Amino acid sequence: MGDFEVIPLAKPVLGALEERLVAEVLRSGHLSLGPRVLEFERRFAEFVGSPFASAVSSGTAGLHLALRAVGVGDGDEVITSPFSFVASANVALYERARPVFADVDPVTLNLDPVAAEAAVTARTRAILPVHIFGYPANMGAFERIAARHGLGVVEDACEALGAVHADGTPVGGRGNPAVFGFYANKQLTTGEGGMVTLGDPALKARIDSERNQGRSPDMGWLDHDRLGFNYRLSDIACAVGLGQMARLDGMLQVRARLAASYREALAGIDGLELPCEDREGERRGWFVFVVQLPRGVDRDETVRALAARGVQSKPYLPAIHLMSFYRERFGHREGEFPVCEDVAARSLALPFFPGLDQGQVERVAEALRAALGR
Ligand SMILES: *Cc1c(COP(=O)(O)O)cnc(C)c1O
């Protein structure tokens with residue numbers, strides 16, 4: 001022992017490039033609604049192979065505007081995953097719509113298309129699959145369900161930058177509004193921020209207007225023809241994003257290599273389940289490394305044992321329908337989505353970020369072996 005340097009869960013990669021680009025914006029005096037926004041949108045759209053992209057102030061803001069863009073409103077239902085960050089469900093409530101959950105696939109942990117279709121009612125307006133932990137959701141199936149029932153599709157791609165579908169299309173490049181998030185633990189960060197990629201220019205125009213208080217680009221100063229929000233992303237943040245774009249390929253490759261190292265270091269621990277391997281040409285965009293602890297193991301105890309060895313870890317993610325707000329508001333209870341609940345009860349995120357080195361991966365693996373007594 002003796003090495004008490006704590007290994008954090010996540011840590012962004014930022015350097016001289018981001019500093020220089022931010023300094024340029026500061027010196028220019030053009031801090032918002034400036035050229036960096038357009039440049040970041042263009043570069044990001046190109047990366048995911050999307051015709052358009054709209055920068056927004058957060059992933060949550062992007063999901064909200066995307067749901068509005070596909071027509072979700074008062075009294076509608078939106079089918080989504082209970083195994084996600086709470087934002088993907090909350091955004092339906094912002095529009096007085098109801099998030100309707102369906103269970104997840106036990107292997108990919110993504111919304112199960114069969115369960116999702118079974119949840120369709122006359123009030124269903126849209127389906128919002130989440131590419132959880134960067135693994136591409138089965139969009140072909142969801143698009144067919146949407147076509148059969150006349151639904152809108154919004155993709156929560158906030159964890160999936162760099163992921164690729166089986167047909168080679170990057171996640172976010174299928175034309176459906178797809179939303180990315182740039183919080184500090186994501187594959188690409190602007191501190192806070194988000195991006196909606198999409199194929200329909202009319203929806204792009206609506207999102208651009210609604211992120212800016214409902215102003216249309218060609219209207220006079222402070223004339224507003226619809227309700228909007230302030231969901232803008234500043235040029236300062238977009239400058240950080242442009243710096244991150246320049247190192248994105250490298251950061252994604254390092255993440256994939258680290259995941260492979262973890263797989264090796266954690267092999268053979270009895271009952272421990274690792275993130276599913278890529279299958280049938282699908283490629284995960286590595287965001288987090290989440291293991292499922294063996295059944296019967298006390299997770300809180302494991303977190304404490306890891307912390308005592310200088311390793312941060314976090315239960316990730318809790319089931320949304322079992323959060324107090326969702327229980328109280330909608331009367332959800334245990335047993336509704338058994339796959340999600342089982343996974344949520346055993347999931348533990350381990351330190352995972354490009355700056356992690358091989359020695360630290362081994363330290364984490366050793367600490368986990370010791371904590372589990374195997
Ligand atoms: C990060 C994330 C979001 C968006 O988060 P913001 O903090 O609003 O940028 C949405 N959904 C999922 C699944 C996420 O992981």
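First listed ligand is number 1; within each ligand, the first listed atom is number 1. Only this structure's heavy atoms are used, side chains among them; waters, hydrogens and symmetry mates stay out. These numbers come from a predicted model, not from an experiment.
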(message) Between Glu24 and Arg27, does any side-chain N to carboxylate O distance fall below 4.0 Å?
(response)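 No, no charged N to carboxylate O under 4.0 Å.
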(message) Regarding Glu143 and Arg174, does a basic nitrogen lie under 4.0 Å from an acidic carboxylate oxygen?
(response)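 Yes, charged N to carboxylate O under 4.0 Å.
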(message) Just to be sure I read this right, does ligand 1 sit under 4.0 Å from the backbone of Asp156, its side chain, both, or neither, counting only heavy atoms?
(response)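 Within the 4.0 Å criterion, Asp156 contacts ligand 1 through side-chain atoms alone.
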(request) Go through ligand 1 atom by atom and flag the ones less than 4.0 Å from a non-hydrogen atom of Glu159. (result)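 Counting from 1, the qualifying ligand atoms are 13 (C), 14 (C), 15 (O).
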Could an N or O of ligand 1 be found under 3.5 Å from any N or O of [X], whether backbone or side chain?
X      : value
Tyr183 : no
Lys186 : yes
Gly59  : yes
Ser88  : no

(request) Counting heavy atoms only, name the option from Gly181, Cys158, Ala61, Ser84 that's nearest to atom 4 (C) of ligand 1. (result)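 When every heavy atom of Gly181, Cys158, Ala61, Ser84 is considered, Cys158 comes closest to atom 4 (C) of ligand 1.
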Taking atom types as modelled, find out whether [X] and [Y] have a side-chain donor-acceptor pair closer than 3.5 angstrom.
X      : Y      : answer
His64  : Glu210 : no
Gln244 : Thr190 : no
Arg226 : Ser209 : yes

(request) Tell me which protein heavy atom sits closest to atom 8 (O) of ligand 1, plus the residue, atom name and distance to 0.1 Å. (result)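 The protein heavy atom lying closest is Thr60 OG1, 2.4 Å.
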(request) Determine yes or no for a side-chain-to-main-chain donor-acceptor pair under 3.5 angstrom, with His332 supplying the side chain and Leu322 the backbone. (result)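 Such a contact is absent between His332 side chain and Leu322 backbone.
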